[in-house]
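Convention: sequence-line order gives letters A, B, ...; per-chain numbering from 1. All heavy atoms count here, side chains included; hydrogens, waters and symmetry mates do not.
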Amino acid sequence: MRVYRTLLRRELGAYFVSLTGYVVIAVAAFLIGLSFVDLLVAVRQETLPLHVTEVFYQTPYFWVLLLVSAPVVTMRLFAQEKFAGTYETLMTAPVRDVEVVLAKFSAAFLFFVVMWLPLLVAVLLVRHLAGDLAALDWRVLGVTCLGIGLLGALFLAMGCFASSLTRTQTVAAVLGFLFGVSLFLLGFVAGRLAQGNTWTAAVFGQLTLFEHMQDFTRGIVDVRPVVCYASLTALFLYLTVRVVESRRWK
Amino acid sequence: MDSDPIIEVEHLTKRYAGREAVSDVSFTVGRGEIVGLLGPNGAGKSTMMRVLACFLPASSGTARVAGLDVFEQSLEVRRRIGFMPENNPLPSDMRVREYLKFRARLKGLSRARSRERVDMVLQQCGLTEVSRRIIGQLSKGYRQRVGLADALVHEPDVIILDEPTLGLDPTQIRAVRQLIRGLAGRHTVLLSTHILLEAEMTCQRLLILFEGRLLAADTPENLQRLMEGSHEVVAEIAAPEAALREAWDQLPDVERADVTPVDGEYFLCRLTPRAGVDLRPRVFELARDRGWTLRELARRRPTLEDIYVRVTRPEGEEEEG
């Protein structure tokens, strides 16, 4: 536990000491701000047909932010340490591989959460301006956050894995982005790839990220995507641990 | 060695993609010793150290630190080792004290203990006045000391330093060397270098590694004795080649002679004397007696390469005989 906490603090510190951390937060705040404008336009309509969170989800910035931020946040985790050589000092300290991976992932996740905070502010502002309590349901907001957290964790785990494979941050970012986009697009082509009652159709049917997230923004919690994302996250973290271990394979 | 060994390496081999970086190396290091791993670049020093520091697994053979296997009981071994890798990688975004504190905590020291130890190593390594500076802005000499402080911070039994003086200026080298010598007794130090002189000055015992094999393990004094009298003599003489070769064959104290043409009538003769003999007067007398023109006559201090040659030769001669 001590190693985990120490490493977590160090990794979080690295985000807020470096310029990259603030640039990422600034870009995220900018994109959320743009969708905030869309939100205001929607709120001005006499009857709001959708939940505030769903309106936000309908703007194109949501997926841009989710798909691009994860690889940018995670690219440095392993690649940068390998490039600088500090990976060697880290791994020759009495630390377990699992602790290292979990600490780095947790730091990325916490940073990711901080990055999304402007959304919360935007939603609360809308509620205040509209003065309409019905426009925002706390439960719906909570479920939306859960969805963002789950998807974020998955994309960050993929980014972690990508970063552990290389010693170049750019390669890590591109690879992580590729993983994320592939999974995202899979949901759209799934219907065409497999049809009927085959098991492939059943599997691909579970990977419709776009629709799942829409459900979350409506306040609907389906257990299947929750389990699916949690286990995929675990899978990618497990793969990362295996890559970290691999240097000690004979 | 009177004390029991703290590092035991037995028949260790490390292969990278078909190439053997370290082949069948065995040695032991006693508690409190300062041992130098000496060899040219690419001799397998770094690989050897990385295996001992649990960063890489050995392909075959075993290595134990304080009786613990570096592969099977890696965590326990890492707790007992302070390792400074080659080029001393450090995070450039942290402050000196902050970094050492982070490393101390990472190595399992309690909060109070880590504060105490960090203060101690800051003082020991002469870093107190830069403790609040950012590592990325420090000079190379200070960075090296930060690396050393990191290796020392958890009071390890064994300290492994890969090329600790690489890229430092002479004053800084002297400071680092002094620091390392000060560790003798309390800690066991294994350091690598490719500079013979440095190894002689710092270490109580030398292990010579060449192309992955261990050629010799002895005190610097004994190795020096081995080298005594083997100062090579170089002479440039204008004479017929056949006559030169014949002359060297007849001279009793010449163990080996190389004759190569230089320019014009001149030949470069590299003569290895029998132990303890100075060949220079004889070469001069020979040239005077025969009326040859002598253009250059010098004695060369043995280089590291000569030691390798010297150490490998008896084995080769036995094979021939």
Q. Are any non-hydrogen side-chain atoms of A:Arg10 and B:Pro91 less than 4.5 angstrom apart?
A. yes
Q) For A:Ala93, is it the side chain, the backbone, both, or neither that has a heavy atom closer than 4.5 Å to a heavy atom of chain B? A) both
Q | Donor-acceptor contact present, side-chain A:Arg247 to main-chain B:Phe55, <3.5 Å | A | yes
Q: Measure A:Tyr87 against the heavy atoms of chain B and call it side chain, backbone, both or neither at under 4.5 Å.
A: both
Q.
Is any side-chain heavy atom of A:Thr6 closer than 4.5 Å to one of B:Phe102?
A. yes
Q. So which part of B:Arg103 gets closer than 4.5 Å to some heavy atom of chain A, the side chain, the backbone, both or neither?
A. side chain
Q: Would you give the length of the straight line joining atom CZ of A:Arg2 to atom CG of B:Leu109, rounded to the nearest 0.5 angstrom?
A: 7.5 Å
Q) Is there side-chain contact between B:Cys54 and A:Arg248, with heavy atoms separated by less than 4.5 Å? A) yes
Q | Contacting moiety of B:Leu90, where chain A heavy atoms sit under 4.5 Å | A | backbone
Q: Sequence neighbours left out, what passes salt bridge (Lys or Arg N to Asp or Glu O under 4.0 Å) with A:Lys104? Give chain and number order.
A: A:Glu11, A:Glu81
Q. Highest number of heavy-atom pairs under 4.5 Å with chain B: which of A:Thr86, A:Thr92, A:Leu90?
A. A:Thr92
Q. Got a second to check how far B:Arg50's CZ is from A:Glu88's CD, nearest 0.5 Å?
A. 4.0 Å
Q: Against chain A, work out which of B:Arg78, B:Arg15, B:Lys14, B:Lys101 has the most heavy-atom pairs shorter than 4.5 Å and name it.
A: B:Arg78
Q | A:Thr89 side, atom OG1; B:Asn88 side, atom CG - distance, nearest 0.5 Å | A | 8.5 Å
Q.
Give me each pair satisfying salt bridge (charged side-chain N to carboxylate O under 4.0 Å, His left out) with a member in residues 145-169 of chain A, each pair once, sequence neighbours excluded.
A. none
